[in-house]
Structure formats: C-alpha cells, structure tokens
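All heavy atoms count here, side chains included; hydrogens, waters and symmetry mates do not. Just so you know, these numbers come straight off a predicted model, no measurement behind them.
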Amino acid sequence: MNIPAIISGPHTHSRFSVTETMFMVMICLSPATAMGFYLFGWPALFLFAVTLASALVFEALCLMLARKPVHTYLFDGSALLTAWILAMTLPPWAPWWVAVVGAFLAIVVGKHVYGGLGQNMFNPAMVARAALLIALPVEMTQWIMPVDLAITPGFGEALAITFGTPPAVDAYSGASALGYVTAELSAGRPLSEIMGNSFDVKTLFFGNVSGSLGETSALLILAGGILLMAMRLITWHIPLSVLAGAATLSGALYLANPEAYPSPFWHLTSGAMMLTAFFIATDYVTSPASNLGRVIYGAAIGALIVIIRTFGSFPEGAAFAVLLLNGCVPLIDEYTRPRIFGRTRSGKPLEIADE
Amino acid sequence: MKLFSLSSLKRSTGYSIRGGVHPETRKHLAAGCAIEKLPMPKLLRVPLQQHIGAEAAPLVQRGDHVLKGQIIGKARGAVSANVHAPTSGEVIAVGPFTAPHPSGLPVATVTIRPDGEEKWGKRLPRLRPEDASADEIAKQVLEAGIVGMGGATFPSAVKLGLGKRYKLHTLIINAAECEPYLTCDDRLIQERPEDVADGIAIMAKALGTARVVIAIESNKPHAIEAMKRYIRQAGPGAEVMAVPTLYPMGSEKHLVQTVIGKETPARALTAELGVVVHNAATAQAVHKAVRYGEPLLSRILTVSGHGVERPANLEVLIGTPVSDILDHCGGLTGEPERLLLGGPMMGMPIQSLRVPVIKGTNGVLALTARETRRKESMPCIRCGKCVASCPCGLQPNELNLRIQSDDLDGAVDIGLMDCVSCGSCSFTCPSNIQLVQGFNYAKGRLAAKQSQKHQQEETKRLAEARTAREEAIAEAKRKAMAAHKAKQEAKKKAAAAKKAEAEAKAAAEAQADGAEAASQDAPQQPAATPTEAAE
Ligand code: SF4
Ligand code: SF4
C-alpha cells in the first residue's frame, strides 16, 4: 500500500521543549539546594558537583555505547536533573565515591539499562537512593548538624571531608529528624517527650536541622514546587494527592494514639515529604499520564511513606514508596484512561437523551 | 511561556470543554487590515473538487468562452457541489492539476484566462427569503455551489436539508476563528455584519431553528460588537456568544458542547442533538446566493505570517493562484519555513506557488522558522501534556506507541478514529513528536485496508452472485428440458393412446396442458440474468 507522506499539522509549536522543561525544574530546585550549601558548607557543594559531573560522564558513555547522538541527548537536561535530585537526597558530607556510585546506579542501571530517556519504568534517582540505602547503611545515614558558621570547615578541610579521610566528622554528626524520632520511638519513649526536647515543627519547616543535602527546608522546596505548578510544568494532581494521602493516614494514626504516632504536621513539614511530592513523584517518565491516575498514584505514595516511616525499619520511606508505585503505573494507566469525547467510559457512543 | 493569558480574563461564556491549547494567536498581524479586493489575476485555475464528496463533472471544454457565474462543473451525487466560472474569459485547459487537497494529488481543473470584462452570464433566480420555502432555499444554495467555508468544505445544501430529517432547535454560527493568524471571519463580520446577519436569518429559516447563537471567541471584541448591533436582522431568537479563546473552539462538536453543554455521541451528527453549525463566511455566501442569485465565486482570506511583506485580508476569486496573492502582498520576506493554505494548526503545506485557492481556503500563511519552532524529535518522556491537551479525551502518547509498533487495531481500540486531527497534542509535546502525522498515516492505512477489504468482499459477493445465477440458469435449463421431455413423452403417449378409449385420451390431454405451462415458465428465468449481470 502506498500512502503518500504528507506533512501534517500543526505547523507551529509551543515554546516548551524537553531541555527547557528540565532546566526549569532545576531552577525550581535551586533555592532548596542553595540552602543545603549554606547549611552544610563546602563539602555539600563538592558532593553536589561530583554527583552531577559523574552523571554526565556515565550518560555520555551510555549514549556512545547505544550509538545515540551524544550531542542531542547529553545536554537535554534529563541526566543532570536525575543527578541533581539524587544529590539532594545524599548525606551532605558523604565521601565522593558515594556520589559516583549513586550516579552510576541512577544513570546506567536506572535509566540506560531500560533503553534511555523515557524508557525507564522506575525513577532513576530513587533506584540509586534505595540501592545506596540498602548497600551502604552507614554512609547513607551519616547526618551532620547544620554547620555552625564559626566552625564551618574551611575549603581545605572540606576537600578532605569529601575526597579524603574525614578528619572528625563525629564532631558534627547528629541524627536526622526522622532517624532520631524512629529510633527513640522504638526505644519506647513517648512522643511528646522526644519532640519536646529536640525538634519542633518550625525548625523542620525552615530547614535548620540535620538531614540530607537538599531535604532540610520544607519551605523552600514548597516554594520551588509552587513555582513548578505556576509555570505549568506539573499539575497539582500528584503533589497534592501525595500530601493528602500522607496527611490522611498519619492523621488517622495520630488521632488513634498521639503518644505513639507523630502528628500529620510533623510528616508534612519534612523536606523529604515535600521533595517527594513536588519533584520526585512528579517525574514525568515514571508517573501516570492521566489526571485520575495521578491522584491515585500520589495518594498511594503519600500513604506508603507514612507506613514505611511508622512501621518500617528504614527511617525514610520515600524512595521505596515511589519505586513501588512506579511499578504500578502501567496498571494505573490501563484503568484510568480518560473518557473519550462522545463515548461512555466503556467506549460506547453516548446515548442521545430525549428532551 | 504564558503564565496566564489576558484574553482569558475577558468575559466569555459557555460550557467548558476538556483539553485544548493556547497557541500564540498572532492575529495582530492582519487584524487591522481592511478587506481589499485582489486585482484580476492573469489565470484562474478552478478545481472541480473543492469540497468533500464526489468531484463535479466538467461542463466546458478547452476553447469555450465562459461568462461570470456560468456553471462549469456539475455536482455529481448526493454529496457534491457545483463549480462556477469566477469571471468571464476563455477556457484554456481542462485537465489534472495539483490541487490544494490533503492528498496533494492532481484533480481535474478548469483553467480560465479572464478577458477582464467580468461579463455576467445568467444568474440564478433571486429569491425572497421571506416567501421562500426551506426546500427552495436549500436548492438555491445547492445551485450556488456553496460549501462550508471554514475549511471543512462540506456541501452546505446537504446541511441545510437536515431539518427534514431531524428536529432542530439551534443554529450555531461558527465565527470562533480559533486558528492563529486568521482574521478573515473577524474582518467580514466587522465590515459586512448586515450581510452575515441576513444570511444567518435565511439559514435559520431553511433549518427551522428557533434559536440562533453566533459564537465568536472573546478575543474579537470588535466583531462581537458589530454582530450585536445587527443581531435583530439575524432573527428574533438570535444572540451573540463570546466563547472562550481556546484552540480548537471552532471544532464543530466542541463548539456545540460549549454553546449548549451537550456532547455529541461518537459517530453521530450534531443534528441528532438538534443543532446545526454553519460558518460565518458561509452565511454571507448564502445571503448573496439567495438575495442576488450569485453563486459562490469569491471568498475572503487572510494573508499573514512573518514570511510575507504585508499581511492583509483579501477578497479573491476562487481559483486565484497563490503566487498572485503573495505578489499583491509585497512578496515573501525570504524563503519561508512553511507555506500554508489554512491556519497553522490544521492547514496544509503547499510545495508550489502555482496552486489555486479554493472555496475552503481561509488563509495563505508564510511562516518563518521562528514561528514554526520546528525541532528535532526526542523520545517521549511521558509528560502527559498531550493527554491533558486532547479535546477528545484520547491518549496521544499511547496511540503513538501502538502505531509505531504497527499495532493499528490496538490504536483503534483506544480511540484512533475519534481523533479529529486538531494538532493540540503535537503542538504541546515537549519532545516535538509528530503525533498527528502518525495518526493521519495510520488513518490512511486503515482506510486503504478498509477499501481493500471492501473490494475483496465485493468481489466475493459478485462471484457468489454469478455462481448463483449460473446455477439458476442450469436449473432453468434442466427444467425446460424436463418439460420438453414431458411434452415429447406426452405426445408419444398421446399417439400410443390414439387407439385407446376416449376416456384415456382425455386424461393424456390434461397432462400435456400442465407440461405446457411449465415450459412457458422456464425461459423466463434465464431472461432475467443479463440485467443482473450488468450490475
Ligand atoms: S506530550 Fe509528547 S512527550 Fe509528553 S507524553 Fe505526550 S508524546 Fe510523550
Ligand atoms: S490531534 Fe487527535 S489525538 Fe491529538 S489532540 Fe487532537 S484529537 Fe487529540
């Protein structure tokens, strides 16, 4: 059969392209990232740089191996964004090789093994994070207290922290909010006591706490997320349903026993929850395409995070929750197809109602 | 990137539709240009297929002299349209010419060299719409060769006859003009509102609709204003509705949903909901045809894009070559990235400047690379923007996936045939995937397959019919033979029985009579076959 190749419309296009989209997401991430640099000093910046650089190297290698045009794809921003998000979830003073291993896991295992851009089923940054959490439980939970500016490691010391043998990390280290609460809870202390003398929701929200590089300030992440929605890069469906899912479940638990379960506010004001809601769960490739699907997917992630935080052995459940739901996306997509114009949900033409 | 559009703040009404996109309208390029009449071109190439349906049959030959308004192509079949000579002159060729038809294939075209005298031939009889019946109006529109001038080019007379089959209550005039750049309907309504209003009243009469809604996008306040001033002439039940500025507002079923809030069922006509949609330019053509007996000879179109020196709104004769139009507008500013007939969303690219404009051509656009923003395609990143923008509730990404893997049936299962090719998905796709291109290709292949299957079935049916006929003939012959034998036998018997008693003789005669009757029947059947075979 010979069908002449006709150029179909449209003959104009919106301004959005993949590259611009990715870079705009990065812009929205930068306030929280900058806060991370400010709180944790030079080592955080080094770690961040190493993650991004090694991700680009792995991306280039994979593209060459797959014989894809390196030029077009390398700077499409997708590898950078993946690495950026991964870096934000690392402990800020982790040694350089954690970043390199993480970038390898994200770019090679998480993305190119599946066939590259758009083909991966699981969020590459979360693949890397989950694998690191399981493989390197010690390095991945070396939290430090935000650096008192008076004792900020100098440039040279910072180099040593990231690239050499850490001199005296213990001097700075402290538990992350999540880790601390989980540990104390399992030690049987009532929550009011734990919360009372260590964290309050406000510091958690503004970010002056120990934690991952970019996950400390829920407020700045929220600001970036709102910007993301304002620029129409994402819709409200996933972030809001993640937060709603988490709030509903944790609220129910809290009402049942306020002494054993932290309040919903404590969950919602954590940077990790915000980052997941606005930047991780919303990853285009690994989330459902229809709005209904997005709501289901988001709510399930939110609830799952609370479950893992409360009942699981890991203090942070975002990575696992997201990966689990990534696996369900094809199923969700299948059952949440939008209704076709002029047809019922099952695909039959609508009935004509008599007047 | 648009954070919000100003036009969406302007007052608009109507029920909401799903999806849609907000391309930059770029209407300012031509919106301020009053309609100009294009000087007579040196040649007119009038295709005999300017509409959906069967090609018109040519009525003229090379060397004939034609008069303005003379019919040169006769509508063939129920869905077709007459074609008229746009001016007086000499027919210098009748033959295939590359037409502005989606297929890009040549169609029969009458080439006329105008003599410049504009001598009118016989006009159609004028009608007084006040006294004319619905049938008379529809017939006049049919004779005048009017088709949907928004670009759909469906013969208008067929749509005006829908009142006979359906109970209609609303006529919607589509003046949304949702395609970027185009301003011809806008200008038409601003400059000739009384003509449009009169045409609308005539159409409403033919359709028997009590309510008339003139739908104009909210970004055309002047047109809304002008139409409101003449609204009384459009009929007692007429109103102007400022519909939201959203592409594809002008899509028939989506406009109906916006205006009356009802979704037309798949594969059904809007008429089944009691609604018929006609274009504003069509209304003006109907006005001219009914009041003055003028067939459709010219149309208004927008020449625009940064690729033309001087954007304009022109009134041109049907068959005017694109080159004449561009010359009048100062030519091209350079090599355009895309040269289009129609709007940028659904218009058709043309390769040659010699192609003529036809009844459905509402724009001639020369777009620069900055306007087309063509980029290399990237893999789908599943962002879902196409899904959110599809006004038909489809999943273009999924459709594309299935078509790419050659699963056409799978694509049909998830709604390929419900796609209206509006282009919203491709427009918004950040990966610049040519989604619509793929859909049109798939639809083409399915149509080809369908017609092949149809042909096969047709062949099979004919073969079976032939076998049946042959069997019938054989059967008839056998019967005839049997009857003949019976007769012979009867005769023999009769001869043998001559010696027999008188009672026996009478019985034999009775038997012969019966056989005779049978032999008379027999030749009838074979006689019927030649006519059947002729089918
Ligand atoms: S808009 Fe393009 S990239 Fe996004 S899901 Fe649709 S086809 Fe894929
Ligand atoms: S072209 Fe088809 S699939 Fe794409 S938006 Fe329009 S109707 Fe939907």
Side-chain angles (χ1 to χ4, degrees), chain A residues 1-22 24 68-69 72-73 76 78 115-119 230-235 237 283-291 293-294 329 333 337-344 347-353 355, chain B residues 1 3 18 21 23 102-105 180 253 263-268 272-274 338 340 344-347 349 367 371-376 378-385 387-388 391-395 397 414-415 418 421 423 426-428 430-432 434 436-437 440-441 444-445 448-449:
Chain A
M1 254 171 286
N2 197 2
I3 292 121
I6 308 148
I7 305 168
S8 296
H11 310 283
T12 181
H13 194 271
S14 77
R15 269 172 230 236
F16 284 107
S17 73
V18 174
T19 316
E20 281 155 22
T21 307
M22 300 282 176
M24 283 200 277
K68 285 187 188 160
T72 351
Y73 287 88
D76 63 14
S78 63
L117 181 62
Q119 304 294 311
M231 296 205 289
R232 310 249 170 103
L233 289 170
I234 57 170
T235 59
H237 301 85
D283 171 45
Y284 290 149
V285 177
T286 55
S287 60
S290 70
N291 290 340
R294 286 170 175 171
V329 166
D333 268 343
R337 286 189 199 294
R339 185 180 63 78
I340 297 174
F341 186 95
R343 292 185 187 273
T344 62
K348 300 223 172 52
L350 293 177
E351 300 280 338
I352 297 171
E355 318 252 321
Chain B
M1 185 207 47
L3 284 186
R18 268 189 297 175
V21 287
S103 71
L105 298 173
K253 289 181 179 178
E263 224 173 280
T264 313
R267 320 223 148 271
E272 290 170 46
L273 295 179
R338 275 283 157 82
L340 301 174
M345 295 299 285
M346 289 184 79
L367 304 183
E371 295 171 281
T372 56
R373 295 212 190 90
R374 204 143 60 111
K375 284 201 199 106
E376 209 178 321
M378 300 277 287
C380 169
I381 54 168
R382 288 182 39 89
C383 66
K385 284 204 153 62
V387 181
C392 296
L394 303 175
Q395 294 171 290
N397 56 341
I414 57 168
D418 292 295
S421 295
S426 298
F427 171 83
T428 175
S431 287
N432 280 274
Q434 298 291 317
V436 185
Q437 180 98 17
N440 287 347
Y441 165 79
R445 263 189 55 189
K449 232 185 192 169

Okay, side chain of [X], backbone of [Y]: is any donor-acceptor separation there less than 3.5 Å?
X: Arg382(B); Y: Ser287(A); value: yes
X: Arg338(B); Y: Thr12(A); value: no
X: Ser426(B); Y: Pro10(A); value: no

**Complete:** Between the CG atom in Asp333(A) and the CG atom in Asn397(B), the distance rounded to the nearest 0.5 Å is 7.5 Å
**Complete:** Rounded to the nearest 0.5 angstrom, the CZ-CG distance for Phe341(A) and Leu394(B) is 11.0 Å
**Residue selection (most heavy-atom pairs with chain B, distance under 4.5 Å) from Pro338(A), Ser78(A), Gly118(A)** = Pro338(A)
**Fill in**
Pair count under 4.5 Å, heavy atoms only, with chain B: among Arg337(A), Glu20(A), Arg294(A), highest is Arg337(A)
Chain A contacts, top residue of [options] (heavy-atom pairs, under 4.5 Å):
options: Cys380(B), Gly274(B), Gly415(B), Ala388(B); answer: Cys380(B)
options: Val21(B), Thr372(B), Val436(B); answer: Thr372(B)
options: Cys383(B), Pro391(B), Gly384(B); answer: Cys383(B)
options: Met378(B), Glu376(B), Arg267(B); answer: Met378(B)

Side chain, backbone, both or neither: which part of [X] has an atom under 4.5 Å from a heavy atom of chain A?
X: Val387(B); value: side chain
X: Arg374(B); value: neither
X: Leu367(B); value: side chain
X: Gln395(B); value: side chain
X: Asn432(B); value: both

Considering only heavy atoms from C-beta outward, does the side chain of [X] approach that of [Y] to under 4.5 Å?
X: His11(A); Y: Pro349(B); result: yes
X: Pro379(B); Y: Tyr73(A); result: yes
X: Arg232(A); Y: Lys385(B); result: no

**Prompt:** If you take all heavy atoms of Lys375(B) and Ser17(A), which pair is closest and at what distance?
**Reply:** NZ-CB, 3.7 Å
**Message:** Give me the atom names and distance for the closest heavy-atom approach of Glu263(B) to Ile340(A).
**Reply:** OE2-O, 4.2 Å
**Request:** Counting only heavy atoms closer than 4.5 Å, note whether Thr21(A) contacts chain B via side chain, backbone, both or neither.
**Result:** side chain
